[in-house]
4 protein chains.
Amino acid sequence: MANQLLAGKRGVIFGALDDQSIAWKVAEKCAEEGATIVLSNAPVAFRFGEIQKLAEKLNVEAIPADATEVADLENLFSKSMELMGGKLDFVLHSIGMSLNVRKKKEYTDLNYEWMHKTFDISAISFHKVMQTLWKMDAMNDWGSILALTYIAAQRTFPDYNEMAESKALLESFARSFGYHFGTHKHVRVNTLSQSPTMTTAGQGIKGFQEFFDYADKMSPLGNASSEACADYCVVMFSDLTRMVTMQNLFHDGGFSNMGMNPAVIGL
Amino acid sequence: MANQLLAGKRGVIFGALDDQSIAWKVAEKCAEEGATIVLSNAPVAFRFGEIQKLAEKLNVEAIPADATEVADLENLFSKSMELMGGKLDFVLHSIGMSLNVRKKKEYTDLNYEWMHKTFDISAISFHKVMQTLWKMDAMNDWGSILALTYIAAQRTFPDYNEMAESKALLESFARSFGYHFGTHKHVRVNTLSQSPTMTTAGQGIKGFQEFFDYADKMSPLGNASSEACADYCVVMFSDLTRMVTMQNLFHDGGFSNMGMNPAVIGL
Amino acid sequence: MANQLLAGKRGVIFGALDDQSIAWKVAEKCAEEGATIVLSNAPVAFRFGEIQKLAEKLNVEAIPADATEVADLENLFSKSMELMGGKLDFVLHSIGMSLNVRKKKEYTDLNYEWMHKTFDISAISFHKVMQTLWKMDAMNDWGSILALTYIAAQRTFPDYNEMAESKALLESFARSFGYHFGTHKHVRVNTLSQSPTMTTAGQGIKGFQEFFDYADKMSPLGNASSEACADYCVVMFSDLTRMVTMQNLFHDGGFSNMGMNPAVIGL
Amino acid sequence: MANQLLAGKRGVIFGALDDQSIAWKVAEKCAEEGATIVLSNAPVAFRFGEIQKLAEKLNVEAIPADATEVADLENLFSKSMELMGGKLDFVLHSIGMSLNVRKKKEYTDLNYEWMHKTFDISAISFHKVMQTLWKMDAMNDWGSILALTYIAAQRTFPDYNEMAESKALLESFARSFGYHFGTHKHVRVNTLSQSPTMTTAGQGIKGFQEFFDYADKMSPLGNASSEACADYCVVMFSDLTRMVTMQNLFHDGGFSNMGMNPAVIGL
């Protein structure tokens with residue numbers, strides 16, 4: 001399936017932790033499609049994850065950056081442009097973590113310091129990435145910026161907890177910054193709303209397996225895999241989708257537009 | 001128009017600053033419709049606004065509370081229940097302020113400390129209000145919680161800046177907490193998305209007059225006034241809308257569903 | 001709960017068949033709230049239903065009209081204005097029927113003549129009602145036109161079959177005509193998207209009971225009853241919602257914004 | 001930009017009239033990307049348009065079919081499979097025409113016979129195409145069916161008239177049939193909501209040039225061209241988007257998520 005759709009393009013991919021990560025698959029597909037890439041993740045993920053293994057496999061650099069720290073992002077983008085020899089054509093934001101979920105706080109008993117930290121990591125980091133790219137003028141014309149999100153931004157999935165708000169925030173940043181990037185630099189900004197995925201992060205959520213199965217049954221095509229998600233990311237980075245911007249794109253086997261599936265209620 | 005729709009009901013109304021405020025009109029209408037109410041606003045608003053005047057006029061109490069401080073909210077709700085002699089039937093959240101807007105920062109050059117503060121004041125305060133009500137078990141069965149919002153949560157109005165994200169966050173809190181309040185206490189939670197309104201807050205936004213006129217022309221019925229908004233709030237607090245929950249209700253003369261109005265392009 | 005919210009108003013209510021009908025409850029509530037009304041339904045419904053009983057009970061007229069026949073509508077509105085002594089303030093469209101559903105045709109094996117007839121009865125009739133009101137100048141300023149719809153217009157419920165398309169069509173007519181009525185006559189046009197309801201019509205749909213229970217479990221407040229729906233209709237006809245137009249209003253206990261309810265998957 | 005994304009795939013493309021048509025560009029791109037195709041259009045379009053010229057240029061067949069006639073569709077698909085040597089992998093529906101628009105009827109004075117004809121041509125034809133494909137079992141597993149639509153299905157553009165309803169209907173058919181095709185044949189069904197485009201059809205709409213300019217100014221990336229639309233269609237037919245179904249995909253330079261663009265009001 002390698003069509004060299006990204007030949008000559010340079011990108012930065014955030015969020016590969018291990019080979020369960022969507023970002024891991026995206027990195028592999030982008031390389032296959034001819035792109036030059038730089039990987040990044042938080043310093044802690046470098047210690048506990050396997051991003052270096054991926055970097056070696058793809059023969060690219062992995063640069064640690066705490067995406068909540070503007071200085072780290074500046075360093076990352078400046079080194080990336082130097083390493084790859086030019087401005088960026090695409091960026092993937094695949095970052096999310098909720099402290100209240102991790103600490104098993106109920107939605108009706110949230111800790112607000114943790115909530116701020118959750119939003120900072122999972123959503124405001126996206127604005128920081130874009131503002132840094134903007135100020136450094138680091139994106140090429142007709143470039144593509146993409147963040148991964150989830151339908152909890154639109155509808156309530158109680159166990160998703162404050163990540164619902166993180167994703168609502170993330171998607172709003174995409175629309176708002178999309179206007180500025182579109183008008184001034186012809187760069188598009190979108191979010192891709194993916195099926196529940198069996199990543200290390202996904203598995204940490206309460207009742208995830210039951211929910212995964214429910215979503216799979218509800219979706220006419222079943223849940224979308226992380227490999228399929230990587231394909232769709234490639235499409236969004238390619239020149240074939242240049243006029244798509246400020247959109248939230250569901251990649252979910254049809255889940256988002258199902259009201260009720262007879263399979264779910266055993267009819 | 002007084003039909004005693006709220007006879008016997010008790011409510012807390014946040015956000016009346018002066019007689020331009022929507023919350024001011026809501027308080028007046030609620031009193032007219034037979035409700036018992038308590039007013040609240042931030043301590044600073046007590047100094048610079050005229051909330052005490054309204055309290056005197058309506059013969060009710062006004063209690064200062066910083067809605068970002070849980071202790072203030074606890075004090076407010078506990079005093080309110082004592083003053084009014086029972087649990088609450090309705091609450092209006094009409095609170096919003098952006099530090100980056102106030103300091104004239106561009107969307108591509110935001111200060112992140114201020115952004116956190118903006119979200120805390122304009123959106124997280126709504127979760128704090130609800131979590132405090134929840135923990136104190138301060139809402140009556142079939143009560144109604146409502147927050148004012150704006151369509152920038154769905155679509156981009158560049159000058160609205162980070163308030164777009166604040167409103168996206170606010171609306172997400174309404175949906176998420178609406179599930180919990182609905183399931184466990186039969187309390188509904190909604191947001192009301194109002195036309196641009198000539199309040200003291202609204203007027204602080206760059207290009208507000210031009211935008212107000214544009215929205216007015218785009219809307220088949222014109223912009224909705226704050227008086228009309230107060231009527232709709234009364235409806236949402238009354239027993240006639242008990243099964244409406246987790247909704248974002250546009251009150252905007254039709255703006256939200258117009259794609260293009262010939263009046264705008266001079267046809 | 002009678003607050004005389006509709007005192008002095010005149011309305012026409014389509015669709016009361018028997019005391020299970022939503023329109024039946026709406027008629028009763030409107031009368032309670034002080035409105036003068038005229039009932040209407042198709043000639044065949046006069047023979048098999050009990051609309052005359054309702055007319056007697058409320059001491060109003062019931063006038064047969066096939067809502068797909070413009071001449072019938074002209075006759076109905078002209079007689080209604082004569083009987084009630086003036087133009088109309090509100091109209092309820094609660095009409096729907098699918099021939100393919102009735103004849104148990106699968107969605108992948110539809111008869112297209114029947115489909116046209118279904119659309120004519122269930123959706124185009126709404127345009128005919130509005131166009132007739134428009135041409136006769138039969139609506140008072142600030143009047144309210146409302147049609148009942150279902151969330152199948154947005155999401156797929158396979159057993160709802162071609163009624164999904166009927167409702168999508170109906171809601172589009174509301175938006176489009178809402179622009180004209182709003183701009184030229186200050187009349188608002190909305191649709192109310194109701195929970196599955198145990199009407200005679202609802203019960204005809206395959207697997208309705210299972211689906212009713214599913215929706216009830218999915219909705220934090222449970223399914224909305226037809227009595228609650230009638231309350232919401234009253235609100236939409238009253239002067240308290242004058243600036244709400246071109247909207248689709250969910251009245252569904254929260255169903256529309258639930259992604260997944262743990263109650264449904266037995267968590 | 002030819003990456004052989006559609007190598008080995010067979011498709012039928014409806015709606016190429018002349019080299020202004022989107023379908024014309026899609027046919028050219030699909031051929032470039034390695035697909036085998038058959039063109040189709042209404043018999044009258046064969047007489048007045050230039051589809052035969054395109055067929056010759058691409059060295060493919062053009063087969064007349066009135067898409068409102070099931071027998072014509074059966075003939076078309078059966079001949080297409082025979083000509084191309086197998087089942088279909090993709091189908092494009094780019095068909096639309098409004099009799100009331102053509103005859104300059106106002107939205108408040110529509111002719112209902114013409115309305116039925118409009119819906120039949122512009123929307124029901126899509127169900128007929130899908131039902132015929134379904135019954136003939138003419139789609140390959142993981143195939144892709146796509147129809148072109150316009151944002152008037154969601155928001156009101158008064159001059160678009162009854163085409164708003166046609167598009168609402170069309171999009172609903174995509175969702176409903178998408179469930180069946182997804183569940184039983186792994187085939188996806190989507191609609192692509194394109195910017196106003198300077199086609200022969202587009203130009204027939206009243207005030208089109210003014211509207212085109214307005215949309216262009218409102219959209220951060222400007223209006224999407226028909227060439228860009230063809231690129232996006234290729235993506236939707238390729239294996240890179242297999243899990244995207246029942247979606248309405250905006251391809252509009254950001255128009256759909258703009259609330260107000262300062263450029264439009266001269267700020």
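A, B, ... follow the sequence lines: proteins, then strands. Residue 1 opens every chain.
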- [ ] Flag yes if more than 12 heavy atoms outside D/Lys217 fall under 6.0 Å of its NZ atom; otherwise flag no.
- [x] no
Open item on the list: Counting heavy-atom pairs under 4.5 Å with chain D, which one of B/Asp213, B/Ile151, B/Thr156 comes out on top?
Closed with: B/Thr156
Task: Option in D/Ser256, D/Pro158, D/Ala215 with maximal non-hydrogen atom pairs under 4.5 Å from chain B - done: D/Pro158
Open item on the list: What's the separation between atom CE in D/Met260 and atom CZ in B/Arg155, rounded to the nearest 0.5 Å?
Closed with: 13.5 Å
Open item on the list: Looking at every heavy atom in both B/Ile265 and D/Tyr214, which two are closest together, and how far apart are they?
Closed with: CG2-CD1, 3.1 Å
Task: Stepwise side-chain contact (heavy atoms from CB on, under 4.5 Å) test for D/Asn261 and B/Phe157 - done: CA-CA 7 Å; D/Asn261 192 324; B/Phe157 298 77; over 6 Å; no
